[in-house]
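Each remark here refers to the structure printed beneath this line.
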Amino acid sequence: MFAFSADAIPSRRPRQLPAGLADRVRPTTPVAGRLLPVPAPLAPLFPEGSLRRGTTTTVSGQPGHGATTLALALLAAASQAGSWCAAVGLPDPGVVAAAELGIDLRRVVFVPHPGSGWAEAAGDLLSGVDVVLVRPPGRARLTAARHLTARARERQTALVVLVEHVSAWPEGGDLALSVGAVEWAGVGRGHGHLQGRRAEVRVSGRRSAGRVMECSLWLPAGSGAVAAAVEMEDGSGGTGPDKGPEAA
Amino acid sequence: MEMERLVVIWCPGLQEEGARGEEARRFVQVVARAGELCPWVHPVRLGVCALPARGPSRFFGGEEMVVSRLVEAVGEDAHIGVADGLFAAVLAARSQLIVPAKETAAFLAQWSVATLARPELAVTLQRLGVTSLGQFAALPGADVSDRFGADAAAAHSVARGRSGELAGLRDRSIERRLRVARGEDPDAGPEPPPYQPGFFGGTSAADSRAALSFARVQERLGVDAVLVGRVQGGRDPAEQATLVPWGSPAGGTGGTGGAVGAGGAVGAVGAPWPGRLPPPSPTEVLRVPQRAEVVDAAGAACQVSGRGLLNSELDRLSVNGGPWESVVAWAGPWPVTERWWSVRRRRARVQVVTVDGAARLLCTERAGWWVEALYD
């Protein structure tokens with residue numbers, strides 16, 4: 001009997017992976033091949049803990065509330081894992097902010113000013129990369145939205161749509177993330193500096209199986225990356241210069 | 001020692017040869033199908049084969065892609081894993097995981113010493129209360145070598161994630177057995193293809209597909225329409241972030257090397273970000289700053305004095321002549337570092353949060369204010 005036969009090795013798996021490593025291993029089961037990684041703090045927003053290829057995710061929020069941060073963060077883990085990504089319609093993108101979010105700048109292209117050709121550009125990119133983030137200029141026409149959603153599904157590319165309000169994407173997404181109330185930490189009246197924006201994020205949509213979920217996130221935290229928000233013992237959200245979040 | 005990163009395909013039902021030799025035949029098929037994807041899949045023992053991760057990963061665009069293509073090729077009965085070294089990669093395959101590089105020891109720690117397939121050693125270790133590879137790895141190397149000998153020392157090195165091969169892991173007769181299963185002459189079969197490093201070197205299929213789509217957008221919208229970000233730190237007093245056109249020789253081809261696309265003007269099209277402020281950085285850095293007005297409660301323009309202090313508390317902000325927004329918090333001012341050859345100017349930056357929760361980076365000079373960047 002060959003020494004390393006199945007009998008010799010106990011069939012029970014290791015009980016658990018050490019904390020930390022569990023976040024960094026990636027599954028290789030077949031369904032996992034249809035998933036793209038997202039930064040760990042955002043995994044709870046997704047039914048499978050990852051972005052599913054071929055789906056459309058809308059990210060919405062009032063200007064200044066961190067929807068751009070949330071949408072860009074969805075590119076971070078995927079680009080680091082080697083996926084090509086594209087961002088269409090983000091004018092004047094903050095490159096340092098992108099790097100702080102963990103985006104691998106070598107794997108991401110920006111098309112900041114596509115003008116009226118935004119949908120064609122997004123369509124071209126859906127055929128070439130693994131994740132496309134698109135910010136339509138205003139409310140998208142139904143035909144454009146349908147076309148891009150269908151192209152994403154056909155090419156098994158993840159489409160992320162950044163809008164002010166979810167109604168600006170008439171097709172609706174497989175998943176809708178919306179940023180609600182926000183609060184900045186670290187700045188007072190003339191002292192400190194911006195150290196993090198704590199935001200309430202709501203998840204809904206077809207693929208959330210009818211659930212509506214809310215969670216608190218730092219968009220971003222003091223390091224510039226997104227982080228989970230932990231309730232403080234006194235129930236406060238960690239505001240004020242002394243209670244800024246630790247670097248993620 | 002640098003361990004080779006391997007992808008292992010582990011077939012749960014094919015580990016043991018049954019009476020009719022069915023397992024070897026099915027394993028031959030698995031190896032063949034995997035081999036169609038990558039020329040140097042090699043069998044390790046019955047039910048287990050391996051291939052190097054690095055080359056295929058670059059070609060297919062990442063380890064996840066390699067795994068998903070292999071799953072398609074060999075079917076769902078095979079478990080696939082990736083890790084540094086053969087020993088860990090086999091366990092990774094059994095767990096269906098990709099173990100990140102250099103985290104081998106942490107991954108191995110929870111497995112039992114029985115996985116070493118050294119029953120006498122395992123029994124002795126277990127009598128000493130050492131049951132897991134992690135506990136085994138924690139023993140001092142010299143003690144293991146003195147007490148248990150060279151083979152145990154080799155196993156110890158594997159448990160520590162320092163080496164990937166272990167005597168007995170590979171079945172030297174597997175190639176011959178598979179030739180028999182294929183119905184070939186076992187002693188005079190063709191040699192397995194030699195290892196050809198660099199076969200997959202250079203641009204991968206995923207890179208080409210991406211570059212093609214970027215070129216198409218550039219054809220439609222112009223070379224400057226598709227940009228790649230670069231952050232350059234270093235001795236320069238102001239950390240520069242720029243956006244350069246895709247394909248420009250200034251490295252605008254991501255990680256693939258080699259210029260692609262039309263030869264447009266090379267240079268920075270984005271605003272340099274004078275990054276002396278601590279993170280988090282703003283998500284939108286305006287190439288054309290927006291005119292703004294910032295006043296105190298009395299309606300007088302706020303100013304930064306010669307001593308770098310604000311002369312009054314900020315109360316309201318209006319951008320581009322738009323409606324007034326209440327200021328709830330602000331920080332600064334931080335003087336802007338000027339280069340020695342520029343005319344001395346008194347410029348400063350202030351972070352401003354308005355009542356709607358939005359934060360902006362403003363720049364002020366004398367009584368003038370501009371919005372330079374937005375945090376969204």
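Here is the naming used below: chain letters follow the sequence lines, and residue numbers restart at 1 for every chain.
- Looking at Leu97(B), both its backbone and its side chain come within 4.5 Å of chain A, counting heavy atoms on both sides.
- A donor-acceptor pair is defined here as one N or O able to donate and one able to accept, closer than 3.5 Å; no such pair exists between the side chain of Glu100(A) and the backbone of Pro279(B).
- Nearest heavy-atom pair across Phe214(B) and Val109(A) is CE2-CG2, 3.4 Å.
- One finds the OG atom of Ser68(B) at 10.0 Å from the CD atom of Gln156(A) (value rounded to the nearest 0.5 Å).
- Interface remark: of the candidates Val99(B), Asp356(B), Thr354(B), Asp356(B) forms the most heavy-atom pairs closer than 4.5 Å to chain A.
- If you measure heavy-atom distances from Leu108(B) to chain A, you find no contacts under 4.5 Å at all.
- For chain A, the nearby part of Val327(B) is the backbone; its heavy atoms alone come within less than 4.5 Å.
- Heavy atoms closer than 4.5 Å to chain A are found nowhere in Ala109(B), neither backbone nor side chain.
- Most heavy-atom pairs under 4.5 Å with chain A, from the set Glu103(B), Arg69(B), Arg360(B): that is Glu103(B).
- When the candidates Val111(A), Leu194(A), Val129(A) are compared by the number of heavy-atom contacts under 4.5 Å with chain B, Leu194(A) comes out ahead.
- Residue contact with chain B, scored on non-hydrogen atoms closer than 4.5 Å, involves the backbone of Pro63(A) exclusively.
- Proximity to chain A involves both the backbone and the side chain of Ile80(B), based on heavy atoms less than 4.5 angstrom apart.
- Among all heavy-atom pairs drawn from Ala241(B) and Val95(A), the shortest one is CB-CB, 4.0 Å.
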- [ ] Using the side chain to side chain contact (heavy atoms under 4.5 Å, CB included) rule, take Trp84(A) and Asp207(B) through it: C-alpha gap first, then chi angles, then the decisive distance, then the call.
- [x] CA-CA 8 Å; Trp84(A) 283 97; Asp207(B) 292 347; 2.8 Å; yes
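- For a residue to count as touching a neighbouring chain, one of its non-hydrogen atoms must lie under 4.5 Å from one of that chain's; by this rule His113(A) touches chain B with the side chain only.
- Remark: side-chain polar atoms of Arg197(A) are paired, donor with acceptor, to backbone N or O of Asp376(B) under 3.5 angstrom.
- Each of Ala225(B), Gly62(B), Gly47(B) has some count of heavy-atom pairs under 4.5 Å with chain A, and the biggest count is that of Ala225(B).
- In this structure, Asp124(A) CG and Arg216(B) CZ are separated by 5.0 Å, a value rounded to the nearest 0.5 Å.
- Contact record, Ser281(B) with Val96(A): OG-CG1, 3.3 Å, taken as the closest heavy-atom pair.
- Atom CD of Gln351(B) and atom CD of Gln195(A) lie 9.5 Å apart (nearest 0.5 Å).
- For the set Ala210(B), Pro280(B), Ala331(B), the entry with the most heavy-atom pairs within less than 4.5 Å of chain A is Pro280(B).
- A distance of 5.0 Å separates CD of Glu313(B) from CZ of Arg189(A), quoted to the nearest 0.5 Å.
- The shortest heavy-atom contact between Gly128(A) and Ser213(B) is CA-OG, 3.6 Å.
- Interface remark: Val226(B) contributes backbone and side-chain atoms alike to the contact with chain A (heavy atom separation under 4.5 Å).
- Counting only heavy atoms from C-beta outward, the side chains of Pro91(A) and Glu284(B) approach each other to under 4.5 Å.
- The minimum heavy-atom distance linking Ala329(B) with Val187(A) is given by the pair CB-O, 3.9 Å.
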Task: Step-by-step side chain to side chain contact (heavy atoms under 4.5 Å, CB included) determination, Tyr375(B) to Thr69(A) - done: CA-CA 8 Å; Tyr375(B) 296 85; Thr69(A) 297; over 6 Å; no
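- Taking 4.5 Å as the limit, some side-chain heavy atom of Arg209(B) sits within range of a side-chain heavy atom of Asp130(A).
- Within the 4.5 Å cutoff, the side chain of Leu90(A) has no heavy atoms near those of the Thr283(B) side chain.
- Proximity to chain A is absent for every atom of Val350(B), based on heavy atoms less than 4.5 angstrom apart.
- When Gly82(A), Gly190(A), Ser127(A), Ala121(A) are compared by the number of non-hydrogen pairs under 4.5 Å with chain B, Gly190(A) comes out ahead.
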